[in-house]
Amino acid sequence: MPVEKYFFIDPNRCIGCRSCVEACSECDTHKGHSMIHLEYVDRAVSPQTLPVVCMHCDSPTCAEVCPADAIKRTADGVVQTARKPRCIACNNCVLACPFGVPKMNSNFELMMKCDMCYDRTAVNKNPMCATVCPSRALHFGTWDEMEELRPRSLPQNRFRFGMQEIHTKVYMMTPRDLPVEYLDVAAELSESSGADASVSENKIIGDDPMLDGLFRLEGA
Amino acid sequence: MEPELDPELHTVPPDRGAMLDQPKWRQDFPIDTPQDSYVARREFTKFLGLTSLAFVVGQFWIALQNLWRRARGKLPIASIAKLDELPVGSVKVFHYPTPLDSAILIRLDADNLLAFSNQCTHLQCPVLPDLEKGRLHCPCHRGYFDARSGRPLAGPPRRPLPQITLKIDGSSIYATGIMLGET
């Protein structure tokens, strides 16, 4: 029995080389389409990029809103691309996902999304993006390995979008000296609209403009 | 099966409450694949029951068709051709007993006049005469029938072509009935 491996995203380490985007389309389950999104955090002020893969939520919003019962999660907790015979290309999942992961392939009339390279991870290989990432912004490995590699970071997999709380299979690296109960992605939005302080006190974002922009983007 | 107790099921409702407190539709449309593909004993029994019922209905349908055919009585006698318009080795297409049932009349030699339905007994493609080799040929799936008896020789058809009984009265040829061949 191999030790369980986890997916870790460390946006601070992303250098925007697009290797993951190219490698993603090589994965057999994606039929030649790249399923990873490389987003600019705030392109006007920073070249910082951020790779976005599916977070594989325990309560997947995409599947919750699917009217055709097409989005399913396999027993290992990986939310799969919509089932072709069921998907009606209605775009509900595309609009609903808080992380903005699903994309509609209108040629196939099928929602396709990151499935953590299911053909590879199912046989204990690493996903394509994590295999090629030169700066290890995307890392697929064991928990112990990550503790040793990133002693100053703490993997976090609890997110909050307004009232919605999501626990994900994929971990986001956060500063270890600023531990938080959850990553409040919409906090920046509520703060700017004058919301209560209880939401914003959970913010991990201090005066770091880069992180600040990152979460503004995710909440947008 | 209790959804919470199954280690393969991960679904957490959006309110993060217990699965048993959720509305029924959430259990009816599960997100986890093992639960989605789970076939309950009741569904399986229903499938078995309906499938066998369909087979029973099919058998009754076949039996009724046989009864109807017998109840229809004797087929009409119809003039289909003149003897002198059919030289040896020639073929004529006619329709018997209704205009929708096409058939072929073949003259193998001076004394042998035969008529068969020209619908192949495999998938109802029209058969073509190949009298030099003494057979009828269905081009759809390369089926062959014996031109003298209508029996299948090769290819997918397993039943002989229905033969049409003929009566020659002077110079006229009449169709008098259909003889279903033995399998």
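Predicted model only: the values in this text are computed from it and were never measured. Residue numbers start from 1 in every chain, and the chains themselves are labelled A, B, ... in the order their sequence lines are given, proteins ahead of strands.
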Enquirer: Quick check: closest heavy atoms across A:Ser59 and B:Pro13, and the distance to 0.1 Å?
Expert: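 Residues A:Ser59 and B:Pro13, closest heavy atoms: OG-C, 3.8 Å.
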Enquirer: Is it the case that atom CZ in A:Arg158 sees more than 12 heavy atoms from other parts of the structure closer than 6.0 Å?
Expert: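 No, CZ of A:Arg158 has 12 or fewer neighbouring heavy atoms, counting only those of other groups under 6.0 Å.
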Enquirer: Does B:Gln65 CD have over 12 foreign heavy atoms under 6.0 Å away?
Expert: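 Yes, the 6.0 Å shell around CD holds more than 12 heavy atoms from other groups.
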Enquirer: Do other residues, nucleotides or ligands put more than 12 heavy atoms under 6.0 Å from the CZ atom of B:Phe47?
Expert: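 At most 12 heavy atoms, drawn from other residues, nucleotides or ligands, come within 6.0 Å of this atom.
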Enquirer: Run the side chain to side chain contact (heavy atoms under 4.5 Å, CB included) test on A:Arg73 and B:Gln35 for me, step by step, so that the C-alpha distance in whole Å, both residues' side-chain angles and the decisive distance to 0.1 Å come before the verdict.
Expert: CA-CA 10 Å; A:Arg73 183 176 40 197; B:Gln35 220 175 347; over 6 Å; no
Enquirer: Charged N to carboxylate O below 4.0 Å: is that the case for B:Asp36 and A:Arg86?
Expert: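 Salt bridge: yes.
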Enquirer: With a 4.5 angstrom heavy-atom cut-off, could you sort out which part of A:Glu165 is near chain B: side chain, backbone, both or neither?
Expert: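 Both the backbone and the side chain of A:Glu165 come within 4.5 Å of chain B.
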Enquirer: What's the separation between atom CD1 in B:Ile31 and atom CD in A:Glu64, rounded to the nearest 0.5 Å?
Expert: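 Atom-to-atom, B:Ile31:CD1 and A:Glu64:CD are 4.0 Å apart.
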Enquirer: Should we say atom CD of A:Glu147 is surrounded by more than 12 heavy atoms from elsewhere, each under 6.0 Å from it?
Expert: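 Yes, the 6.0 Å shell around CD holds more than 12 heavy atoms from other groups.
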Enquirer: Above 12 or not: heavy atoms from other molecules or residues under 6.0 Å from CD of A:Glu148?
Expert: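 No, CD of A:Glu148 has 12 or fewer neighbouring heavy atoms, counting only those of other groups under 6.0 Å.
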Enquirer: Would the number of heavy atoms belonging to other residues, nucleotides or ligands and lying under 6.0 Å from NZ of A:Lys84 be above 12?
Expert: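 Result for NZ/A:Lys84: enclosed.
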Enquirer: Could you tell me which portion of B:Pro14 (side chain, backbone, both or neither) has an atom closer than 4.5 angstrom to a non-hydrogen atom of chain A?
Expert: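 Both parts, heavy atoms under 4.5 Å.
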Enquirer: At a heavy-atom separation under 4.5 Å, does A:Asp69 approach chain B through its side chain, its backbone, both, or neither?
Expert: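 Side chain only.
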Enquirer: Distance-only, no hydrogens or angles: does the A:Lys72 side chain make a donor-acceptor pair with backbone N or O of B:Ser37 under 3.5 Å?
Expert: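 A pair under 3.5 Å: no.
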